[in-house]
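Just so it is clear, the structure is predicted and the values come from calculations on it, not from any experiment.
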Amino acid sequence: MAHTGKSIITPSPIIHVPQEQEFILINFDEGDPRDPNFFSYAQKWTITLICCAFAGITGAAASSYAISYDSMIKDLNCTRLQATLGLSLYAIGYGIVPLISSSFSEERGRRAVYIMSSTLFFLAEVMNALAPNIQTVVVSRALQGVFGSCGASLIGGSIADIWQPHERGLPMSLYAFSSLFAFGLGSAFGGLISASPHLGWRWVQWVHAMFTGAFVLAVILLMNETRSSIILTHIAKDTRKMTGDPRYRSSAEIDKPNMSSLIKTSCTRPLYFLSTEPVVQSISLWIGIIWGILYCLFESVTAEFQSVYKFSVSDTGFVLLVGAIIGFMVNMYQESLYRKHFSIKGQEARLYMPCMAAVVLPVSMLIYAWTASPNIPWIVPLIALTAFMSGVFVIFQVSILYVADCYGPYASSAQAGQSLARNIMGLMFPLFTQQMFASMTYKWGLTLMALLCMLMAPTPWVLFFWGSKIRSRSKVSRKILEAEQQKWDGDTTVASSPTEEQSMQV
């Protein structure tokens, strides 16, 4: 801890101190073990793995619910549309709630939000498992989406807190991997449990609640606060209490915006990016359509579907697992390409493998759609679906990293806009899936999805070749470039605003 003795003029009347008030700023010494940048590697990987576990738990909650529809419909005597509402409302919670809830991490810190979010998520799962009717299930699912998104929206920010930019490739890949791998894990084991006549859909929820309960204990016992401003504020409070000198302050206490302004910025800036920034718009539309198709695939796995494609619910889950593993390995190769070509291509060096994935998606979906025949071995559509899921994984990760690279200190707002669009698609697509397949058949319904993928396939190619020119015409991007140039010239120190240190949400 360094007591610099530096006098500054308070720039804001928010803290209600006289002008010309002197403060003694509290900062970290170089190498201070309390500084998240200097946590031990054991601490960093413990925090990273806990964050990845949360991403996995919330991801598995979506797929395991969808895969156990048939058991739930029989038990609660409800319609499939009513059951689908539980999946859709879960998705929309992820898109909207973080626009408001992430501001509370500015005030209370990330650890407190993780504890609150995981505890309430656990209670909502118990509520779901005990639900006497479909109305209670739908409400509990909406609450799961709300509470799960509060914590999950901080994961990207927590990783950024403790890892330097050149170190984040593997942690961020693990984050993306845990999200999509958990989709497959939830499908595989959810399908096996719900198919058992002695267990059913309630045991899917109970098993999930057990894992969540264990996670809550892990967060309480092992999770450290990673937000520097909160740690420095605690140090400043302890120092004031110990010395009796009220001048000791952290910079966050001096330039502290009020909660209403934080929430206003959190809600409006992502919408501004989504409505004005071509890079955010194109990536959001692309990943949004893919995410909607992914939710459609969860929704489509019915008894009729299994009779057409000759593989089971759990087989679909294992396809997701294998697809996530392949996608993870592809992204590791993409990371090496990024390091090799960054000096030439800049941010667009993130897009080599996504360009390939954009071609794989429509081709694999067409193969998947047109191989439902007794004359074609069941392994063929299964391989096609695996290739599709691998492409989804590659694109999902680039939707995080490319936007973060392009928008620097504004990455959180850009990412929040992208997440909002993605989860709105996750809300909408499942609501018409069954009607679409009933009227068009699986072959033509999946062909329509392949055409949507084909329509969006030029997105990464356009950004790869002309992304820098597109960004040069953006006011926000020009501002970021000017700030970075000033930083390298030593004219100023560029720091992100408190709101911009929010996490990048999934």
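- Between Tyr90 and Tyr65, the gap from one ring centroid to the other reaches at least 6.0 Å.
- With rounding to the nearest 0.5 angstrom, the CG atom of Leu463 is 4.5 Å from the OG atom of Ser282.
- Aromatic ring pairs are classed by plane angle as parallel below 30°, tilted from 30° to 60° and perpendicular above 60°; the pair Phe465 and Trp461 is parallel.
- Trp286 contributes atom CH2, which lies 13.0 Å from atom CG of Leu455 (distance to the nearest 0.5 angstrom).
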task = Please step through side-chain contact (heavy atoms from CB on, under 4.5 Å) for the pair Glu335 and Leu170, ending with a clear verdict.
result = CA-CA 9 Å; Glu335 190 67 22; Leu170 179 57; over 6 Å; no

ask   = Where do Leu361 and Ile395 land on the side-chain contact (heavy atoms from CB on, under 4.5 Å) test, with the steps shown first?
value = CA-CA 10 Å; Leu361 256 61; Ile395 295 167; 3.7 Å; yes

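- Atom CZ of Phe432 sits in a crowded spot, with more than 12 heavy atoms from other residues, nucleotides or ligands closer than 6.0 Å.
- Checked against a 6.0 Å centroid threshold, the rings of Tyr442 and Phe437 count as neighbours.
- Phe328 and Phe393 have perpendicular rings, their planes meeting at more than 60° on a 0 to 90° scale where under 30° would count as parallel.
- Enclosure of atom CH2 in Trp203 is not indicated, since only 12 or fewer non-hydrogen atoms of other residues, nucleotides or ligands lie within 6.0 angstrom.
- We find that Arg141 and Glu125 are not joined by a salt bridge, their nearest charged nitrogen and carboxylate oxygen being 4.0 Å or further apart.
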message = Please evaluate residues Ser284 and Arg422 with respect to the criterion side-chain contact (heavy atoms from CB on, under 4.5 Å), reporting the C-alpha separation (whole Å), side-chain torsions for both, the decisive distance (0.1 Å), and the verdict.
response = CA-CA 6 Å; Ser284 298; Arg422 172 164 52 86; over 6 Å; no

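- The aromatic rings of Phe396 and Trp291 sit parallel to each other, their planes meeting at less than 30°, with 60° as the upper class boundary.
- If you run side chain to side chain donor-acceptor pair (under 3.5 Å) between Tyr402 and each of Gln347, Gln397, Glu348, only Glu348 comes through.
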message = Determine whether Asp161 and Ser158 satisfy the following criterion, side-chain hydrogen bond (donor to acceptor under 3.5 Å, both in side chains), listing intermediate values before the conclusion.
response = CA-CA 5 Å; Asp161 287 340; Ser158 297; 4.8 Å; no

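- Taking CG from Leu351 and NZ from Lys345, the interatomic distance works out to 8.5 Å, rounded to the nearest 0.5 Å.
- A ring-centre distance under 6.0 Å is found for Trp370 and Trp444.
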request  = Please assess Tyr338 against Tyr352 for the test side-chain contact (heavy atoms from CB on, under 4.5 Å), listing each intermediate value before the final yes or no.
outcome  = CA-CA 8 Å; Tyr338 173 74; Tyr352 285 98; over 6 Å; no

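- Judged by distance alone, with hydrogens and angles left aside, the side-chain atoms of Gln281 form a donor-acceptor pair with the main-chain N or O of Leu274 at under 3.5 Å.
- For the atom pair CD1 of Ile289 and SG of Cys296, the computed distance is 11.5 Å after rounding to the nearest 0.5 Å.
- For the side-chain contact (heavy atoms from CB on, under 4.5 Å) test with Trp201, the passing option among Val137, Ile193, Ile73 is Val137; the others fail.
- Listed here is the closest heavy atom pair of Met440 and Gly445: CB-N, 4.1 Å.
- Counted within 6.0 Å of CZ on Phe211, heavy atoms from surrounding residues, nucleotides or ligands total 12 or fewer; the atom is thus considered open.
- Formation of a donor-acceptor pair under 3.5 Å by the Ser117 side chain with backbone atoms of Tyr114 is not found in this model.
- More than 12 heavy atoms of other residues, nucleotides or ligands lie within 6.0 Å of CE in Met127, so this atom counts as buried by the packing criterion.
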